[in-house]
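As structure tokens, the structure follows; a few thoughts come after it.
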Protein chains: 2
Amino acid sequence: MTTSEAAVQSLSIGEVAERTGLSVHALRFYEREGLLVGPVQRTSGGRRRYTSFDVEWLLICVKLRESGMPLADLKHFAELVRRGPGNESERLHLLDTHRQRVDAQIQALEECRSVITWKVAVYTEHLARGEAGGLWAPTT
Amino acid sequence: MTTSEAAVQSLSIGEVAERTGLSVHALRFYEREGLLVGPVQRTSGGRRRYTSFDVEWLLICVKLRESGMPLADLKHFAELVRRGPGNESERLHLLDTHRQRVDAQIQALEECRSVITWKVAVYTEHLARGEAGGLWAPTT
DNA sequence: GCTTGATCTAGACCTCGCTCTAGATCATAG
DNA sequence: CTATGATCTAGAGCGAGGTCTAGATCAAGC
């Protein structure tokens, strides 16, 4: 192992940034905002050491963020997990609510997609014909 | 007709807001930002009158925004249309590029969805069993 | 020891996309 | 004529989600 000897499976902030796609700035920001389940461990010199647990959690965070979950909800989720067992149904509810939002988003995007596709087709056709006037008339 | 007599098919800003889902503030903002194809007509008293053409354009804008097109791109698109015929391939390119982004977004969302679904299933199962410890262990 | 690069903290700053305010004007119903 | 409500302009403000800076410290290689 090059990076660690006794530090089994613990990563620096830079390594975690690489692995999660978040910037080191964002990682520190997320921590400050209480989006992580536990406090990140530190070396004697004060540098952060992330466990594989931390990284897994962050990867989930990334997925939830990508799908539009607000940081506030993510924070809430982290708090629930931090509090430990006993609130699983609340966690379940949070995730399920989000899944519904994701479904709605997918639907909306598919609708947009078809509108765009149609518009593209109109343009392509007009271009092929070499005529482009009257394109954005009310009936287009 | 209640609202118009000679003003065939022209709407007030409030009516357009209702029809597009944009706020009147947003409508004025869009206009200022040059997101509309033409300048909106005004009454002698200075109030905006939107044509059905304007409304159609705005509805397209709404769809493009909903699917994540930045205002800057929308502005660019409006400029192209404003310049008139001769740049259709550029418009086509703009739309097609956006469609690709939408496709990518849909894909990403579907991936997120499946991650969430799986997570929900894990929780549900644990809840059903009445055991919740060790839930967020690295292997979960 | 010295240099180089990664990391540290606190806090200022930024972009995006609106939203809201103030103070005035217009338009319509009673 | 008056009251009410919609609209006007210019510009300030806001929430989300980071990003960046300054100045210091740590750690590794030469």
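A side chain to side chain contact (heavy atoms under 4.5 Å, CB included) with B/Y50 holds for exactly one of B/E15, B/R19, B/E31; it is B/E31.
Rounded to whole Å, atom P of D/dT9 lies 14 Å from atom CD of B/E33. The distance from atom CG of B/L22 to atom P of D/dT7 is 14 Å, rounded to the nearest whole Å. D/dG17 atom P lies 10 Å from atom CG of A/L35, rounded to whole Å. Following rounding to the nearest Å, B/E15 (CD) and C/dA27 (P) show an atom-to-atom distance of 14 Å. Distance CD (A/E31) to P (D/dG17): 19 Å, rounded to an integer number of Å. In this structure, B/M69 atom CE and C/dC18 atom P are separated by 14 Å, rounded to whole Å. Atom P of nucleotide C/dC20 and atom CG of B/L27 are separated by 14 Å, given to the nearest angstrom. Regarding A/L11, its CG atom lies at a distance of 16 Å from the P atom of C/dA6, rounded to whole Å.
Between B/R65 and C/dG17 there is a side-chain N or O to OP1 or OP2 distance below 4.0 Å. Taking 4.0 angstrom as the limit, A/Y30 places none of its side-chain polar atoms (N or O) nearer than this to OP1 or OP2 of D/dG17. For C/dT9, the OP1/OP2 oxygens have a side-chain nitrogen or oxygen of A/R42 closer than 4.0 Å. In this structure, A/R48 reaches the C/dT9 phosphate: one of its side-chain N or O atoms is under 4.0 Å from OP1 or OP2.
End-to-end axis angle of the helix from C/dG1-D/dC30 to C/dG30-D/dC1, using five pairs per end and rounding to 10°, comes to 0°.
What you find for A/V24 and A/I13 is that their closest heavy atoms are O-CD1, 3.8 Å.
In this structure a side-chain-to-backbone donor-acceptor pair under 3.5 Å is present from A/R82 to A/V37. A side-chain donor-acceptor contact under 3.5 Å links B/Q105 to the backbone of B/S67.
No more than 12 heavy atoms of other residues, nucleotides or ligands shown are found within 6.0 angstrom of CD on A/Q107. Atom CD of B/E79 has more than 12 heavy atoms from other residues, nucleotides or ligands within 6.0 Å.
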Letter per nucleotide, 5' to 3', of nucleotides 19-30 of chain D [B base touched, S only sugar-phosphate touched, - untouched; heavy atoms, 4.0 Å]: BBB---BBS---
Full working for ring pair (Phe, Tyr, Trp, His ring centres under 6.0 Å) between B/W57 and B/F77: CA-CA 11 Å; B/W57 174 255; B/F77 192 20; 5.4 Å; yes
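Side chains of B/R129 and B/H126: a donor-acceptor N/O pair is absent below 3.5 angstrom, by distance only.
Both A/V55 and A/L36 are members of a single hydrophobic cluster when ILVMFWY side chains are connected at heavy-atom separations under 4.5 Å.
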